[in-house]
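As structure tokens, the structure follows; a few thoughts come after it.
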Amino acid sequence: MSGNAYLCQLTSEKKIVAKRKNLFFDAFGHLYVIKRLLIFTFGIISYRRYNGFNKLTIKGTEHLQNLPETGVLLVSNHQTYFADVFAMYHVICAVQNGFHNSIHNPIYLLNPVIDTYYVAAKETMNKGFLTKIFAYTGAITVKRTWRDAGKDVKRNVDLSEIDNIKKALEQGWVITFPQGTTKAFAPGRKGTAHLIKENKPIVIPVVIDGFRRSFDRKGLIVKKTGVKQSMTFKQPLQIDYDTDNKDVILAKIMDAIEQSQKFNKVPPIEEATEEREFY
């Protein structure tokens, strides 16, 4: 089946139905006018990090065209806490304003996509004033089931958090990092597969590179300039919801974002002690 035919099938069979949107508030009661201002401000501040100090090479944005306004899940590998997310905000806003595989003209920040959300650890987003402000732009915070306050834990998934992700999908697009960590080639979390199995979104795999070399771990400080960053969007993941179980779905995701072990040629030593920070 061709990519276009598969996308048409996905769109026609999607069970996520967009609810009537409020003119003033997003899915979680955040004022759109404030979100616009924050996305514009963070966008201007961060712009040179992707098109100045370093150059972000973008590929595959044709796969973001002609998608519905809701029910789209972007799944990506993860290299920094915040730089990855906001680079995607730049690209999504650029595409929705007619720019393809390019963020060279930041005029797109004047018309941001305000119903873009991302899944992040509650612990991370509550650490400081800046992260709390950034969370207002679209964070769906979740409690990590395996780690809390630097200690290993084991607890059940809070179903209300799953409902929040579903709510975001009903209103727009959601970005998530299946590995829940900035450590390369870490195993994927089954929560992502569960989310996909239950909600049947259009799943767009994303592969990023170069962010770890150019930014600190949080993605706030430029530690090296002249680094070639890359972000590649792939065609929608083909999933048979009748026959594919969660393990199969997760395996497809990890292959698509190039984080399965078959892509692990030379594991970086410096990443051995990194801990999980995102869901």
Side-chain angles (χ1 to χ4, degrees), residues 16 26-28 30 35 38-39 42-43 46 50 56 58-61 63-65 67-96 103 108 112-122 124-125 131 134-142 144 161-162 164-182 186 188-189 191-196 199 201-209 211 215 218-219 229-237 250 253-254 256-259 276-279:
I16 297 177
D26 74 358
F28 303 102
H30 296 163
K35 289 186 69 173
L38 289 176
I39 292 172
F42 281 122
S46 63
Y50 312 114
L56 177 62
I58 306 162
K59 297 180 181 179
T61 58
H63 300 306
L64 301 182
Q65 300 174 39
L67 293 178
E69 294 183 356
T70 65
V72 176
L73 182 70
L74 291 91
V75 294
S76 177
N77 63 313
H78 200 23
Q79 296 195 343
T80 71
Y81 296 176
F82 303 113
D84 309 6
V85 172
F86 223 82
M88 287 194 207
Y89 267 63
H90 274 281
V91 176
I92 291 170
C93 290
V95 171
Q96 295 300 321
I103 58 169
Y108 55 78
V113 181
I114 51 178
D115 277 311
T116 301
Y117 303 89
Y118 59 95
V119 182
K122 184 173 293 185
T124 300
M125 303 310 294
T131 55
F134 186 52
Y136 200 95
T137 63
I140 309 168
T141 57
V142 298
R144 290 174 293 177
E161 296 172 347
I162 299 296
N164 283 339
I165 300 174
K166 179 180 179 181
K167 184 188 299 185
L169 284 169
E170 290 173 343
Q171 294 291 305
W173 293 13
V174 174
I175 301 165
T176 190
F177 303 95
Q179 293 166 286
T181 178
T182 57
R189 310 299 298 184
T192 302
H194 173 81
L195 174 70
I196 293 171
N199 293 284
I202 296 174
V203 181
I204 303 293
V206 186
V207 179
I208 64 172
D209 194 24
F211 289 77
F215 300 112
K218 291 183 178 180
Q229 304 164 341
S230 65
M231 180 173 291
T232 301
F233 297 85
K234 298 186 177 181
Q235 67 180 12
L237 199 62
L250 185 59
I253 291 171
M254 299 306 289
I257 66 174
E258 300 179 9
Q259 288 295 297
R276 299 171 186 268
E277 288 292 347
F278 276 72
Y279 174 79

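Keep in mind that the numbers below use all heavy atoms, side chains included, and drop hydrogens, waters and symmetry copies. All figures in this text were calculated on a predicted structure; none of them were measured in a lab. Here, residue 1 is the first one in the sequence, and each next residue gets the next number.
Phe233 and His63 have their aromatic ring centers separated by at least 6.0 angstrom. Taking the six-membered ring where the residue is Trp, the centroids of Phe42 and Tyr89 are separated by 6.0 Å or more.
At a threshold of 4.5 Å between non-hydrogen side-chain atoms, the residues Val113 and Gln96 count as touching. The shortest side-chain heavy-atom distance between Phe215 and Gln229 falls under the 4.5 Å cut-off. Between Val207 and Lys234 the shortest side-chain heavy-atom distance falls below 4.5 Å. Residues Trp173 and Thr70 are not in side-chain contact: their nearest non-hydrogen atoms beyond the backbone lie 4.5 Å or more apart. Side-chain contact between Val91 and Ile103 is present, with at least one heavy-atom pair separated by less than 4.5 Å. Annotation: side chain of Ile257 is not in contact with side chain of Val206 (no heavy-atom distance under 4.5 Å). By the 4.5 Å heavy-atom criterion applied to side chains, Gln179 and Met254 are counted as neighbours. Counting heavy atoms from C-beta on, the side chains of Tyr118 and Phe134 come closer than 4.5 Å.
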**Candidate pair Glu161 and Lys122, rule side chain to side chain contact (heavy atoms under 4.5 Å, CB included), full reasoning** = CA-CA 11 Å; Glu161 296 172 347; Lys122 184 173 293 185; 4.3 Å; yes
**Request:** Apply side chain to side chain contact (heavy atoms under 4.5 Å, CB included) to the pair Val119 and Ile175, showing each step before the final yes or no.
**Result:** CA-CA 6 Å; Val119 182; Ile175 301 165; over 6 Å; no
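Residues Ser230 and Phe211 share a closest heavy-atom pair of O-CE1, 3.8 Å. Counting all heavy atoms, side chain and backbone alike, Pro236 lies closest to Ile204 at CG-CD1, 3.7 Å. Closest heavy-atom contact between Thr176 and Pro178: O-CD, 3.6 Å. Closest heavy-atom contact between Pro112 and Cys93: CA-SG, 3.6 Å.
Distance check: Glu170 CD to Asn199 CG gives 8.0 Å after rounding to the nearest 0.5 Å. For the atom pair CD1 of Ile208 and CE of Met88, the computed distance is 5.5 Å after rounding to the nearest 0.5 Å. A distance of 8.5 Å separates CD1 in Ile165 from CG in Leu73, rounded to the nearest 0.5 Å. The structure places CG of Leu64 at 7.0 Å from CD1 of Ile92, a figure rounded to the nearest 0.5 Å. With rounding to the nearest 0.5 Å, the separation of CD1 in Ile253 from CZ in Arg189 is 13.5 Å. Rounded to the nearest 0.5 Å, atoms CZ (Phe177) and CG (Asn77) are 8.5 Å apart.
Looking at Ser46 and His90, their side chains do bring a donor and an acceptor atom within 3.5 Å of each other.
Qualifying salt bridge (Lys or Arg N to Asp or Glu O under 4.0 Å) partners for Asp26, counting only residues two or more places apart in sequence or in other chains: Lys35.
Under a 3.5 Å cut-off, the side chain of Gln79 and the backbone N or O of Thr182 do not form any donor-acceptor pair. With hydrogens and angles disregarded, a donor-acceptor distance shorter than 3.5 Å links the side chain of Thr131 to the backbone of Met125. Formation of a donor-acceptor pair under 3.5 Å by the Tyr117 side chain with backbone atoms of Ala27 is found in this model.
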